[in-house]
Amino acid sequence: MTYSAFPKDFLWGGAIAANQAEGAYLEDGKGLSVVDLLPTGEKRRAIMKGSVPSLTPLEGEFYPSHEAIDFYHRYKEDIALFAEMGFKALRVSIAWARIFPTGEDETPNEAGLKFYDDLFDELLKNGIQPVVTLAHFDVPIHLVDKYGSWRHRKLVGLFETYAKTVLERYKNKVKYWMTFNEINMLLHLPFLGAGLAFEEGDNVEQIKYQAAHHQLVASALAVKACHEIIPDAMIGCMLAAGSFYPYTCNPADVYQGMEKDRESYFFIDVQSRGEYPGYAKRFFRDNGLNIVMDDGDAEILKAHTVDYIGFSYYSSRTTSTDPEVNKNQTSGNVFGSVANPYLDKSEWGWTIDPLGMRITANQLHDRYQKPLFVVENGFGAHDEVDSDGSIDDDYRIDYLKRHVAAMGEAIEDGVDIIGYTCWGPIDIVSASSGEMRKRYGYIYVDRDNEGHGTLERSKKKSFGWYKKVIETNGAELEG
Ligand code: BG6
C-alpha cells in the first residue's frame, strides 16, 4: 500500500494556451489576436508592456504564434501522448478570434466552433476532462483598433456574448471553466493581458484599472452565464500567484510585501468575495483614479463569484524598501522581484522555490476558503537532444517532484486542491520571450526559435516520470 495525500479523483494533467500551441493563426476564418502581433526579439517586451504595435504583422519579423507547434492540425497525436501519460485533464484556451474573428461579428464562425468540438470530443474519448480558459492573452485585434480594447465598456458585452456562445455550444462537454488567465497580468504586461497600448500623455494607471473593472464585470457575467447554462459545471478565476516575501523583518519591508501581494489579490478579492476591498478603494482615492462603474455593476460582482481559485505558481517573489538591495533584481521576472539569497534560479532568472508553493496555496486557502486548482507550474529550460534522440531532463523532474511534494504537503495542511495541470506538457512557445528554446514539456517538439524544425514529437525522460506520478496518484515521485 502506498500512501497518497492526493484525493482519488484529483485532476492530474497539463495546460496549454491556444496562441502558444495551435498556430493556424488565420485558418478557417480566424481573426488576428493581440498575441499574433508579438514578434520574437527585443520589441516583444516593449509591446507586451503597452508601446503601440503595428496592427498588422510586419515583413521581416518572426511571429511565433502564427504556426506555434501546429496543435491545430496535430492535436490527435498530442492527445494520444497525454493519454499515454494517464492525463485526467487538459487545460486549453479558446481563441476568441476563432469564434468571433472581429470580436463583434453578428454570428459566430462555425469552423472555429467545430474545431473545439472536435478537440473536446477527442479529449473525452481519451478519458481527459477539458478545462477551458475563456481568455488566455487573447483579444481580437479589431477590438483593439476600434475600441482601445478593455479600456472601453463595449468589451464587456462583447465578451459576454462570446462566453455565452461557447458555454452553450460546449455545455455537454466541458465541466471546468476559467474566465481570464492570470488576470493580474494586466497591471504588468497590459497589452498581453488586456490588449492595452498607450499613447504619450495617457493616464496609464487610470486606463489599466478601468480596464480591470471591465474585465472583472465581464468575468462575473461569464460566471453568471456558466451557472445558468451548465449548472453542474465549476467556473473559476486565475491568478498569477507567488507570494511576496519581505527581504528583512523590518516592518517597512513586511508592509511592502503585503501591499505587493494585494496588487494581485485585488482581482481575486473581487472575483471571489464579490466586492472591491477597502485597500483598493483607498488606492484609487490616494492616486486620484476615478473608476467609472455602471449602475448594477456592484450587484453583478456580488452575485456572481467564482467556484474555485485557479492559479499559476512558478516562483515566490521578494521585496525590499532598501534601495541598495533593490539593485539586485532577478532578471526575467515580470513581477519585479529582488533576488532571494536563499534560492536558486532558472536560466531565465525565475526563482525556484517549492516551499513557496505550499506557502502560496495555504495563503490562498486561508483568504478565500474555496477549492484551489493549480493550473500552471513548471520549469522552463533548454533541453539537449542526445545523439540517440533521448532527452535526459533530470533538472525538470527535480523541479516538478519538489513542487508536487509541496502541493501534497499543502493538502495535508488542509488545503482543498482539486487538480494540477502543469504548464506546457508538450513544448510550446514561451509567452514572455516568444522562444521555443525555453521548454516545459514532457514531450519534445522539434522546432527552434526561428521556426525551423520538423515539428516531430518525442518523449523526454520526464514523460515516464509523470506517467508514474499519475499512475500512483502522487505517491511515487522518485521515478
Ligand atoms: C504564465 C502564462 O504566465 O506563464 C503562460 O499563463 C506562460 O501563458 C507561462 O507561457 C510560462 O511563461 P513563459 O514566459 O516561460 O512561457
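We count ligands from 1, going down the list as the structure has it; atoms in each ligand are counted the same way. Along the sequence shown, the residues carry numbers beginning at 1. The structure displayed is predicted, hence computed values, not measured ones.
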Query raised in the report: Do His227 and Asp307 have side-chain atoms, one donor and one acceptor, less than 3.5 Å apart?
Result: yes

Query - ligand 1 atoms in contact with Lys438 (distance to a heavy atom under 4.0 Å) - result: 13 (P), 14 (O), 15 (O)

Query raised in the report: Can Asp138 and Ser33 be counted as having a side-chain donor-acceptor contact under 3.5 angstrom?
Result: yes

Query raised in the report: Where is the nearest protein heavy atom to atom 3 (O) of ligand 1: which residue, which atom, and how far?
Result: Glu182 OE1, 2.5 Å

Query raised in the report: Nearest to atom 14 (O) of ligand 1, what protein heavy atom do you find, and at what distance?
Result: Ser432 OG, 2.5 Å

Query - ligand 1 versus Ala17: contacting region, heavy-atom distance under 4.0 Å - result: neither

Query raised in the report: Which ligand 1 atoms, with their elements, are less than 4.0 angstrom from a heavy-atom of Ser430?
Result: 13 (P), 14 (O), 15 (O), 16 (O)

**Report entry** Partner of Asn377 by side-chain hydrogen bond (donor to acceptor under 3.5 Å, both in side chains), out of Tyr314, Tyr420, Tyr313
**Finding:** Tyr420

Query raised in the report: Which ligand 1 atoms does Tyr314 reach within 4.0 Å, using its non-hydrogen atoms?
Result: 4 (O), 9 (C), 11 (C)

Query raised in the report: Which one of Tyr442, Phe82, Phe463 satisfies the ring-ring contact (aromatic ring centres under 6.0 Å, His included) criterion with Phe87?
Result: Phe82

Requested in this report: State whether a side-chain donor-acceptor pair under 3.5 Å links Tyr245 with Asp353.
Outcome: yes

**Report entry** Main-chain N/O of Gly23 paired with Glu67 side-chain donor or acceptor, under 3.5 Å
**Finding:** no

Query raised in the report: In ligand 1, which numbered atoms sit nearer than 4.0 Å to a non-hydrogen atom of Tyr440?
Result: 11 (C), 12 (O), 13 (P), 15 (O)

Requested in this report: Output, in order, the C-alpha distance, side-chain angles, deciding distance and verdict of salt bridge (Lys or Arg N to Asp or Glu O under 4.0 Å) for Lys438 and Glu347.
Outcome: CA-CA 9 Å; Lys438 189 180 186 195; Glu347 188 187 333; over 6 Å; no

Query raised in the report: Non-hydrogen atoms of His136 versus ligand 1: any pair closer than 4.0 Å?
Result: yes

Query - Trp350, any N or O under 3.5 Å of ligand 1 N or O - result: no

**Report entry** Under 3.5 Å side-chain donor-acceptor pair for Asp145 and His142
**Finding:** no

Query raised in the report: Which protein non-hydrogen atom lies closest to atom 16 (O) of ligand 1, naming both residue and atom, and how far is it?
Result: Ala431 N, 2.8 Å

Query raised in the report: Checking Arg98 against Phe115: charged group under 6.0 Å from the ring centre and within 45 degrees of the axis?
Result: yes

Report task. With salt bridge (Lys or Arg N to Asp or Glu O under 4.0 Å) as the test, would you mind laying out the steps for Glu84 and Lys459 before giving the verdict? Result -> CA-CA 11 Å; Glu84 193 182 327; Lys459 298 173 193 170; 2.7 Å; yes

Query raised in the report: For ligand 1, which atoms have a heavy atom of Asn181 less than 4.0 angstrom away?
Result: 6 (O)

Query - Per-residue contact class, Trp348 against ligand 1 - non-hydrogen pairs under 4.0 Å - result: neither

Query raised in the report: Under 3.5 Å between some N or O of ligand 1 and some N or O of Phe137?
Result: no

**Report entry** Under 4.0 Å to a heavy atom of Gln20 - the qualifying atoms of ligand 1, by number
**Finding:** 5 (C), 7 (C), 8 (O), 10 (O)

Requested in this report: Considering only non-hydrogen protein atoms, determine which one is nearest to atom 6 (O) of ligand 1 and report residue, atom name and distance to 0.1 Å.
Outcome: Glu376 OE2, 2.8 Å

